[in-house]
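Worksheet: one structure, shown below.
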Amino acid sequence: MTKLHVSEMEDIAARHPEIFRTTFWARFRMPLIVLAAVLYGVYCWWFFAIGAVLGNANWSLAGTYLADWVSYEVRPEIRMDDHGTMKIVYPRFSPLGDNPNPDWLIAERQTVTRTIEVPAAARTTSPKPTTSFMAPGAALGSAAAEAVTTAPPATETRTEEVVTRAEVVMGRSTRIEVLPGEVTVQHGGERLRVAIDGRTVTPETQPLPQWATQKRPGEKVVLSFGIAGWAEIEGDEVSIRKRFLGWANFVFDTRSPFFDKSASEVFSLIAWGDRIDPARSNISLAWNNILYNSEWQHLDVWTKLLQTIVMAFVGTVLATLLAFPLAFVAARNITRSWISNQLTKRFFDFLRSVDMLIWALFFTRAFGPGPLAGMSAIFLTDTGTLGKLYSEALENIDDKQREGVKSVGAPSVAVKRFGVLPQVLPVFVSQALYFWESNTRSATIIGAVGAGGIGLKLWEAMRTNSDWENVAYMVVLILIVVFVFDGISNALRSRLIGRAHH
């Protein structure tokens, strides 16, 4: 290969200048594309006020919600009374059960005897009415009025157990000591003492540590200890929120006889322990307690998840069965009728132009909440989409195979069966499988508007703003189902495509 001389190159450039002329677009295409992308990003940042949204976002609250997915809180409240003593109160549905006694809350108790003043109820006496000779049967005014006598207040002696000191261990370096009228907090080597008098909260040192906040003097003090939890100090009580990793009472709830027992204890009771319920075996009782766990509602969640799977499957199958014959009508090379082609294609456009969520809202109003509305929404949306894909696949087939079958005198049905279907059937089945896997996710979304399935239960859990661990549980189940169905769909599509190539 000889190298051209400079004069020869100049001669070629002079004779064919269009070859060496570079257009403006060719020279600055990439810089212009990058500049356009940057300008569009700046426009989106301004139009959607992303900076203001990020600046005003409550990141601590978002972190709390995220922590609620994988942890739970125990919420004791230490309340003060007017006698210089305290009592510890737990919520009605505490994860510790009806008789909580955690080792991280150390309480010093004593029995006291108190004399309490109990006012007696007012007693009313009705004297015998006196009648006047002028109006027989009429009661005299003063004599007929009710005489009310009020007994002097009585006293009652009561003996009760009270708390004189409480200490909450939040972590290795975090403790809260509560005494009547005083709270002492130790966290990360710092110490904060707060005085409370029933109405106001007064920290003894200012400024407060970074982990303590008080909006205005005298108001409550909020203590934040990160993943360990947080606490609030008010004038007459201290609210504790201690956080633990995991899902509380996931297997057995607090009403189950197996609650708060180790796995070995539960296995021992099931295997050879005496019957807890004479009417059934221990294993039957344990399984019943798991299914009807009041906190996690396993049976209801699994049933709703199965509804979601059935909704996706039935909706996809019905859409495939309807889109399959209509695609032959819509394909121009199969049905030689412009009117039929256009009407069918516009029908497909109408079905798929209305989003699945809109169809779900429509059918929820028509049929009421339930899986029928969800199946109908999937059916209509996928009929339009699959019909369009199937008709385009038919229009791109190789006519040689069809002409070969037609050349031997085969009828029209045989031509489609042996000349068309072998080319498009793997594509049809592959697309149907993909839509089945995709609709498993979509059925969750439309379920949130009342179309049945686990989506509605997921939305109900999110709406309470306190059951985020239940939300995480259902999200994990949905992910598992999607992963499994994705694997099955990919395997079937690979086999179909492989057979088609062979």
I need the Arg165 CZ to Glu167 CD distance, nearest 0.5 Å.
4.5 Å
Can you find a pair of side-chain heavy atoms, one from Leu96 and one from Pro102, that are under 4.5 Å apart?
yes
Pairwise side-chain contact, Arg255 with Ser294, heavy-atom cut-off 4.5 Å (strictly under):
yes
Over 12 non-hydrogen atoms of neighbours within 6.0 angstrom of CH2 in Trp459
no
Surrounding OH of Tyr292 (heavy atoms of other residues, nucleotides or ligands, distance under 6.0 Å), is the total greater than 12?
no
Trp296 vs Phe250 aromatic rings, parallel, tilted or perpendicular, using cut-offs 30° and 60°?
perpendicular
Check the surroundings of atom CD1 in Ile283: do more than 12 heavy atoms from other residues, nucleotides or ligands lie under 6.0 Å from it?
no
For the backbone of Phe258 and the side chain of Asn289, can you confirm whether one donor and one acceptor N or O come within less than 3.5 Å of each other?
no
Can you label the angle between the Trp359 ring and the Phe350 ring as parallel, tilted or perpendicular, going by 30° and 60°?
perpendicular
Does any part of the side chain of Trp230, heavy atoms only, come nearer than 4.5 Å to the side chain of Glu73, both counted from C-beta?
yes
Using side-chain heavy atoms (C-beta onward) and a distance below 4.5 Å, is Lys304 in contact with Met474?
no
Locate the shortest heavy-atom distance separating Ile196 from Glu182; write the atom from each residue and the value.
CG1-N, 4.0 Å
Return yes if some donor-acceptor pair links the side-chain N/O of Ser284 with the main-chain N/O of Arg280 below 3.5 Å, else return no.
no
Output yes when a side-chain donor or acceptor of Glu265 lies under 3.5 Å from a complementary backbone atom of Ser262, and no otherwise.
yes
Is there a donor-acceptor contact under 3.5 Å from the side chain of Ser489 to the main chain of Phe485?
no
Supply the atom-to-atom distance Glu469 CD to Trp247 CH2, rounded to the nearest 0.5 angstrom.
9.0 Å
Could you walk me through whether Ile488 and Leu492 pass the side chain to side chain contact (heavy atoms under 4.5 Å, CB included) test, one step at a time?
CA-CA 6 Å; Ile488 295 173; Leu492 292 176; 4.0 Å; yes
Could you check whether any side-chain N or O of Ser438 sits under 3.5 Å from a backbone N or O of Tyr434, counting only pairs where one atom can act as donor and the other as acceptor?
no
Using only atom types and a distance under 3.5 Å, with no angle test, would you say the side chain of Ser94 pairs donor to acceptor with the backbone of Tyr90?
no
Output, in order, the C-alpha distance, side-chain angles, deciding distance and verdict of side chain to side chain contact (heavy atoms under 4.5 Å, CB included) for Trp104 and Val74.
CA-CA 11 Å; Trp104 47 267; Val74 180; 3.7 Å; yes
Can you find a heavy atom in the side chain of Ile378 that is under 4.5 Å from one in the side chain of Ser442?
no
Okay, side chain of Ser268, backbone of Ser264: is any donor-acceptor separation there less than 3.5 Å?
no
Note: Pro100 and Gly97 closest approach over all heavy atoms is CD-O, 3.7 Å
Considering all heavy atoms, the nearest Leu245-Ser71 contact:
CA-CB, 3.9 Å
Got more than 12 heavy atoms from elsewhere within 6.0 Å of CZ, Phe313?
no
Could you tell me if Asp486 and Asn490 have a donor-acceptor pair between their side chains, going purely by distance under 3.5 Å?
yes
Using a strict threshold of under 4.0 Å (side-chain N to carboxylate O), is an ion pair present between Glu219 and Arg216?
yes
Does a donor on one side chain sit under 3.5 Å from an acceptor on the other, for Asp349 and Ser353?
no
Evaluate whether atom NZ of Lys220 has more than 12 neighbouring non-hydrogen atoms of other residues, nucleotides or ligands under 6.0 angstrom away.
no
Angle class for the Tyr43/Tyr40 ring planes (parallel below 30°, perpendicular above 60°, tilted otherwise)?
tilted
Work out which heavy atom in Pro95 is nearest to a heavy atom in Asn249; give both atom names and the distance.
O-ND2, 3.2 Å
Are more than 12 heavy atoms from other residues, nucleotides or ligands located less than 6.0 Å from atom CZ of Arg275?
yes
When rounded to the nearest 0.5 Å, the distance separating CD1 of Ile454 from OG1 of Thr440 is 12.0 Å
Just verifying a value: how many Å separate Glu160 CD and Gln110 CD, rounded to the nearest 0.5 Å?
11.0 Å
Nearest-0.5 Å distance, CD1 of residue Ile309 to CH2 of residue Trp436:
8.5 Å
Taking the side chain as C-beta and beyond, is there a heavy-atom pair between Leu458 and Asn470 under 4.5 Å?
no
Kindly say whether the aromatic ring centers of Tyr72 and Phe244 come within a distance under 6.0 Å.
yes
I want to check something: taking the side chain as every heavy atom from C-beta on, are Ile233 and Val185 in contact at a cut-off of under 4.5 Å?
yes
Give me the atom names and distance for the closest heavy-atom approach of Ala248 to Glu295.
O-OE1, 3.9 Å
Please report the interatomic distance NZ(Lys87) to CZ(Arg109), rounded to the nearest 0.5 Å.
12.5 Å
Would a distance-only check, ignoring hydrogens and angles, find a side-chain to backbone donor-acceptor pair under 3.5 Å from Ser256 to Phe252?
no
Would you find a donor on one side and an acceptor on the other, under 3.5 Å apart, between the side chain of Thr364 and the backbone of Ala360?
yes
Main-chain N/O of Glu237 paired to Glu232 side chain as donor or acceptor, under 3.5 Å:
no
Side chains of Met170 and Ile176: closer than 4.5 Å at any heavy-atom pair?
yes
Step by step, would you call Val163 with Thr85 a side chain to side chain contact (heavy atoms under 4.5 Å, CB included)?
CA-CA 6 Å; Val163 177; Thr85 56; over 6 Å; no
Which is it for Asp355 and Thr381 under the side chain to side chain contact (heavy atoms under 4.5 Å, CB included) test, yes or no, and what are the steps along the way?
CA-CA 7 Å; Asp355 190 76; Thr381 306; over 6 Å; no
Evaluate whether atom CD of Gln210 has more than 12 neighbouring non-hydrogen atoms of other residues, nucleotides or ligands under 6.0 angstrom away.
no
Shortest non-hydrogen contact between Pro180 and Met80, atoms and distance:
CA-SD, 4.3 Å
Set out, in order, the CA-CA distance, both residues' side-chain angles and the distance that settles salt bridge (Lys or Arg N to Asp or Glu O under 4.0 Å) for Asp68 and Arg243, then state yes or no.
CA-CA 9 Å; Asp68 286 341; Arg243 188 175 294 277; 2.8 Å; yes
